[in-house]
Student: 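Take this structure first; my questions come after.
Note: hydrogens, waters and symmetry copies are ignored here, and every other heavy atom, side chains too, is used. Each residue takes its place number in the sequence, starting with 1.
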Amino acid sequence: MLKIVKTSLAVAAASFIFCGTANAGVEDALANICTIVQADDKGELRKKMRAVQSDYRLKLHDYYTGVSCNGKSLIRTAIENNAVDVGTLLVKKMPSRELQTPEADGKTLQAWIAENGFQSSPIASELSSRI
């Protein structure tokens with residue numbers, strides 16, 4: 001009985017250590033994603049998304065809420081920087097139900113776009129067609 005408890009504790013401790021290093025790896029892999037979005041580099045963003053998916057088995061919707069560029073989401077950053085190619089790619093890759101959920105500040109993307117006067121943005125029209 002004592003041997004089983006010791007083995008279980010060892011396995012649990014090892015899994016916590018592994019999870020910690022996996023999260024650090026994902027953070028390192030996504031370190032420059034804000035720069036890529038601001039530069040409107042669609043090809044580099046596709047490479048980054050493919051690498052994260054193959055290395056960590058994560059899709060965009062898995063890490064989208066965890067990435068913040070100066071306090072803003074990736075799509076909001078794309079809209080503010082007029083990064084049309086990257087912004088439309090992000091909108092197309094995100095599930096439509098997640099595009100409708102409020103972000104960290106409690107506002108949905110559509111409400112934020114209307115509030116900040118970005119209705120004429122091509123990204124906003126792509127978002128409207130997806131929702």
Side-chain angles (χ1 to χ4, degrees):
M1 180 70 178
L2 187 58
K3 194 174 200 178
I4 293 172
V5 172
K6 285 182 181 179
T7 305
S8 298
L9 288 174
V11 169
S15 67
F16 284 123
I17 291 169
F18 177 72
C19 288
T21 56
N23 287 338
V26 171
E27 289 172 5
D28 291 341
L30 294 171
N32 67 339
I33 197 164
C34 292
T35 307
I36 294 168
V37 170
Q38 291 169 346
D40 198 19
D41 193 346
K42 184 177 174 181
E44 193 63 33
L45 181 63
R46 282 184 186 274
K47 277 197 262 181
K48 178 73 65 182
M49 289 168 51
R50 265 189 245 120
V52 169
Q53 185 171 356
S54 67
D55 294 347
Y56 303 102
R57 296 186 184 137
L58 295 174
K59 293 194 176 201
L60 177 64
H61 66 89
D62 294 325
Y63 56 85
Y64 178 81
T65 56
V67 177
S68 175
C69 304
N70 296 326
K72 295 182 174 65
S73 68
L74 293 173
I75 295 175
R76 287 183 183 186
T77 302
I79 293 170
E80 284 185 336
N81 290 288
N82 201 28
V84 176
D85 292 337
V86 166
T88 54
L89 175 68
L90 290 169
V91 169
K92 288 177 182 179
K93 292 287 185 180
M94 286 292 291
S96 62
R97 72 184 185 298
E98 289 189 29
L99 291 171
Q100 298 173 22
T101 59
E103 294 193 358
D105 62 355
K107 297 176 187 168
T108 63
L109 280 170
Q110 285 186 316
W112 181 85
I113 287 169
E115 185 178 288
N116 291 292
F118 291 114
Q119 295 92 339
S120 62
S121 169
I123 302 168
S125 61
E126 182 67 35
L127 178 69
S128 296
S129 68
R130 285 286 322 273
I131 295 179

Student: Specify the closest pair of heavy atoms between M94 and L99, including all atoms of both residues, with the distance to one decimal.
Tutor: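 So the minimum-distance heavy-atom pair works out to CB-CD2, 3.7 Å.
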Student: Any pair with a residue in residues 76-116 that passes ring pair (Phe, Tyr, Trp, His ring centres under 6.0 Å), sequence neighbours left out, goes on the list, sorted by first then second residue, please.
Tutor: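 Every pair satisfying ring pair (Phe, Tyr, Trp, His ring centres under 6.0 Å) with a residue in residues 76-116: W112-F118.
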Student: Just grab all the salt bridge (charged side-chain N to carboxylate O under 4.0 Å, His left out) pairs involving residues 52-71, residues at least two apart or on different chains.
Tutor: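 Sorted result for residues 52-71: empty, none.
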Student: Listed by chain and number, what are the side chain to side chain contact (heavy atoms under 4.5 Å, CB included) partners of S128, not counting sequence neighbours?
Tutor: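 Listed in chain order: Q110.
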Student: Could you pull out all residues at least two apart from K93 that satisfy side chain to side chain contact (heavy atoms under 4.5 Å, CB included)?
Tutor: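 Per chain and number, K93 pairs via side chain to side chain contact (heavy atoms under 4.5 Å, CB included) with M49, L60, L89.
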Student: Not counting sequence neighbours, list each pair that qualifies as a ring pair (Phe, Tyr, Trp, His ring centres under 6.0 Å) and has a residue in residues 91-110.
Tutor: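 Sorted pair list comes back empty.
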Student: Output every pair passing disulfide (SG to SG under 2.5 Å) with a member in residues 73-131, not counting sequence neighbours, ordered by first then second residue.
Tutor: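 As it turns out, there is no disulfide (SG to SG under 2.5 Å) pair with a partner in residues 73-131 once direct neighbours are skipped.
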Student: Hey, could you give me each pair passing ring pair (Phe, Tyr, Trp, His ring centres under 6.0 Å) that has a residue in residues 69-104? Not counting sequence neighbours.
Tutor: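 Residue pairs with at least one partner in residues 69-104: there are none.
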Student: Once you round to the nearest 0.5 Å, how far does CZ of R46 lie from CG of D41?
Tutor: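 Between R46 CZ and D41 CG, I get 11.5 Å after rounding to 0.5 Å.
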Student: Not counting sequence neighbours, list each pair that qualifies as a salt bridge (charged side-chain N to carboxylate O under 4.0 Å, His left out) and has a residue in residues 94-113.
Tutor: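 Counting only pairs at least two positions apart or across chains, the salt bridge (charged side-chain N to carboxylate O under 4.0 Å, His left out) contacts touching residues 94-113 are R76-E103, R76-D105, K107-E115.
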Student: Please table the atom pairs, donor to acceptor, closer than 3.5 Å between any side-chain atom in residues 77-88 and protein atoms at least two apart or in another chain.
Tutor:
{"unit_1": "T77", "atom_1": "OG1", "unit_2": "S73", "atom_2": "O", "d": "2.8"}
{"unit_1": "N81", "atom_1": "ND2", "unit_2": "T77", "atom_2": "O", "d": "2.8"}
{"unit_1": "T88", "atom_1": "OG1", "unit_2": "V84", "atom_2": "O", "d": "2.9"}
{"unit_1": "T88", "atom_1": "OG1", "unit_2": "D85", "atom_2": "O", "d": "3.0"}

Student: Output every pair passing disulfide (SG to SG under 2.5 Å) with a member in residues 65-123, not counting sequence neighbours, ordered by first then second residue.
Tutor: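 Matches after skipping sequence neighbours: C34-C69.
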Student: Can you name the closest pair of heavy atoms from S54 and A51 and give their distance?
Tutor: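 The pair with the smallest heavy-atom distance is OG-O, 3.2 Å.
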Student: Working to the nearest 0.5 Å, report the span between OG of S68 and CG of N70.
Tutor: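 Interatomic distance, S68 OG to N70 CG, rounded to 0.5 Å: 7.5 Å.
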Student: Any idea which heavy atoms bring Q100 and T108 closest together, and the distance?
Tutor: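 It is O-CG2, 3.2 Å.
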Student: With sequence neighbours excluded, give me every ring pair (Phe, Tyr, Trp, His ring centres under 6.0 Å) pair touching residues 67-90.
Tutor: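 As it turns out, there is no ring pair (Phe, Tyr, Trp, His ring centres under 6.0 Å) pair with a partner in residues 67-90 once direct neighbours are skipped.
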Student: How many angstroms lie between atom CG of L74 and atom OG1 of T65, to the nearest 0.5 angstrom?
Tutor: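 Between L74 CG and T65 OG1, I get 10.0 Å after rounding to 0.5 Å.
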Student: Is L90 close to L45 at the side-chain level, that is, under 4.5 Å between some pair of heavy atoms?
Tutor: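 When only atoms from C-beta onward are counted, L90 and L45 do touch, with a gap below 4.5 Å.
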Student: Tell me every residue that passes salt bridge (Lys or Arg N to Asp or Glu O under 4.0 Å) with K47, counting only those two or more places apart in sequence or in another chain.
Tutor: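 Salt bridge (Lys or Arg N to Asp or Glu O under 4.0 Å) check on K47 returns E44.
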